Protein chains: 2
Amino acid sequence: MKVSTRGDYASRALLSLALHTDSSGPTSVHEVAERTGLPQPYLEQILLALKGAGLVRSKRGVGGGYTLARPPKEITLAQIVAAVDGPIVAGDFGEPHENGACEHEGQCVLLTVWSEVGQHMRSHLNSYTLSEMVDRARGTKSLKLDSSMEHTHSPITGEPNARPEVESA
Amino acid sequence: MKVSTRGDYASRALLSLALHTDSSGPTSVHEVAERTGLPQPYLEQILLALKGAGLVRSKRGVGGGYTLARPPKEITLAQIVAAVDGPIVAGDFGEPHENGACEHEGQCVLLTVWSEVGQHMRSHLNSYTLSEMVDRARGTKSLKLDSSMEHTHSPITGEPNARPEVESA
DNA sequence: CCAGACTCACGTCACCCACTAAAGAGGCTA
DNA sequence: TAGCCTCTTTAGTGGGTGACGTGAGTCTGG
């Protein structure tokens, strides 16, 4: 029921990329590692995975580095986490069997429940975009989180606001 | 991002208990294991954990076994999963620091995001009650899932309906 | 050609999950 | 009281995997 450090690191790396996307040209892994405080060799393979998922582009050689492949508005938490941690599900106990008999009591009931929960988590994580997190980072840059809380997600209490529920996979 | 088998097994065991709560008297671990097809010794320690969390009561000796400690309407998935898998969070990277400076770029932004996501998962899992799952198990008992889809949660697409959002911990 | 960058293939260390094994302790019946 | 049934507790184990480290490639620009 947790995201691994890979998911967290990947998000922070992409957030760092998004925050410095103005400085014309790619950002090296070394630079990202320094700014985010993440272990560089680990970060390298994470960025590789993000590249494999098509979230970043890379350029080799001197002056090379990584760049966001899409505008931050089109990158969601669900995509990031799924890229490095595999598909977002709430338990991989197989698919809910539909036609044949359920071998054991309550098994298929739980299977459909887990499937629903996974679906819900995906759509919720899809509601967090990278650009929103950029806004947050800029907003709380000088560490004032007193009254600037009119974000898309209410921070502590209650429900996230209704929104278009983008779904990907 | 997944629940372990413990969470699944615990839910199935409790569902089994709830389904046979009429037959006057506790249900033995052996019986539950047989009905659900779960490994008995493993199931034993899971039930122990559920007892520690106050979800079931136990009675020893001949004719002993386990009983639900509360009516099924007051037992939610969040409670079950939290009892056997620990608190429901979306990543345990510490609390979002509020006063001091964020050591690294975007760190506290992600921390608050994970905290929000965890909160959201908890309230969503809290919306599944054991009695609802009993209804589902009874409804699809003879394996017809064609048109009996007016459950509280829509099964595949879309949002769960608005509801009182019980929160526990 | 060379230095700076990404790329790739291992290695490893420790922790945790799923499960087994075995002995103990309480409680009911005879 | 004996004896069985059930829960209770503790230990242990095998496999997997998460989080890195290491080192050798490979590409690119000057």
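Throughout, protein chains are lettered first and strands after them, A, B, ... in sequence-line order, and every chain is numbered starting at 1. Computed from a predicted model, the values in this text were never measured in an experiment.
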Name the nucleic acid region contacted by A/Gly63, choosing base, sugar-phosphate or nothing; use a 4.0 angstrom heavy-atom cut-off, strictly under. nothing
Can you check whether A/Tyr9 has a side-chain N or O nearer than 4.0 Å to OP1 or OP2 of D/dC20? yes
To the nearest angstrom, how far is A/Leu43 atom CG from D/dA19 atom P? 14 Å
Can B/Glu105 and A/Thr36 be counted as having a side-chain donor-acceptor contact under 3.5 angstrom? no
Under 3.5 Å, which donor-acceptor pairs link side chains of residues 43-59 of chain B to any protein atom two or more places apart or in another chain?
from	atom 1	to	atom 2	distance (Å)
B/Lys51	NZ	B/Ser58	OG	3.2

Rounded to whole angstrom units, what separation is found between the CZ atom of B/Phe93 and the C1' atom of D/dG18? 12 Å
For B/His124 and A/His124, test the side chains for any donor-to-acceptor distance below 3.5 angstrom and give the result as yes or no. no
Carboxylate-amine/guanidinium proximity below 4.0 Å for B/Arg138 and B/Glu132: no
From CG of A/Asp92 across to P of D/dG16 the rounded distance in Å is 14 Å
Between C/dA18 and B/Ser4, is there an OP1 or OP2 to side-chain N/O distance shorter than 4.0 Å? yes
Please report, rounded to the nearest Å, how far the C1' atom of C/dG4 is from the CD atom of A/Glu31. 13 Å
Polar atom pairs (N or O), protein with nucleotides 8-12 of chain D, under 3.5 Å:
from	atom 1	to	atom 2	distance (Å)
D/dT8	OP1	B/Lys51	NZ	2.6
D/dT8	OP1	B/Ser58	OG	2.7
D/dT8	OP2	B/Tyr66	OH	2.5

Working to the nearest 0.5 angstrom, can you tell me the gap between A/Met133 CE and B/Thr112 OG1? 8.5 Å
Using whole Å, report how far CD of A/Gln40 lies from C1' of D/dA19. 16 Å
For B/Pro41, report the nucleic acid contact type (base, sugar-phosphate, nothing); a contact means any heavy atom under 4.0 Å. base
Of A/Val62 and A/Tyr42, whose nearest nucleotide on DNA chain D comes first from the 5' end? A/Tyr42
If we only count heavy atoms from C-beta on, is the A/Tyr128 to A/Arg136 side-chain gap below 4.5 Å? yes
Rounded to whole Å, please give me the gap between CD1 in B/Ile46 and P in C/dA18. 8 Å
Tell me the interatomic distance from A/Lys2, atom NZ, to D/dG18, atom P, rounded to whole angstroms. 13 Å
Is there a donor-acceptor contact under 3.5 Å from the side chain of A/Ser11 to the main chain of A/Gly7? yes
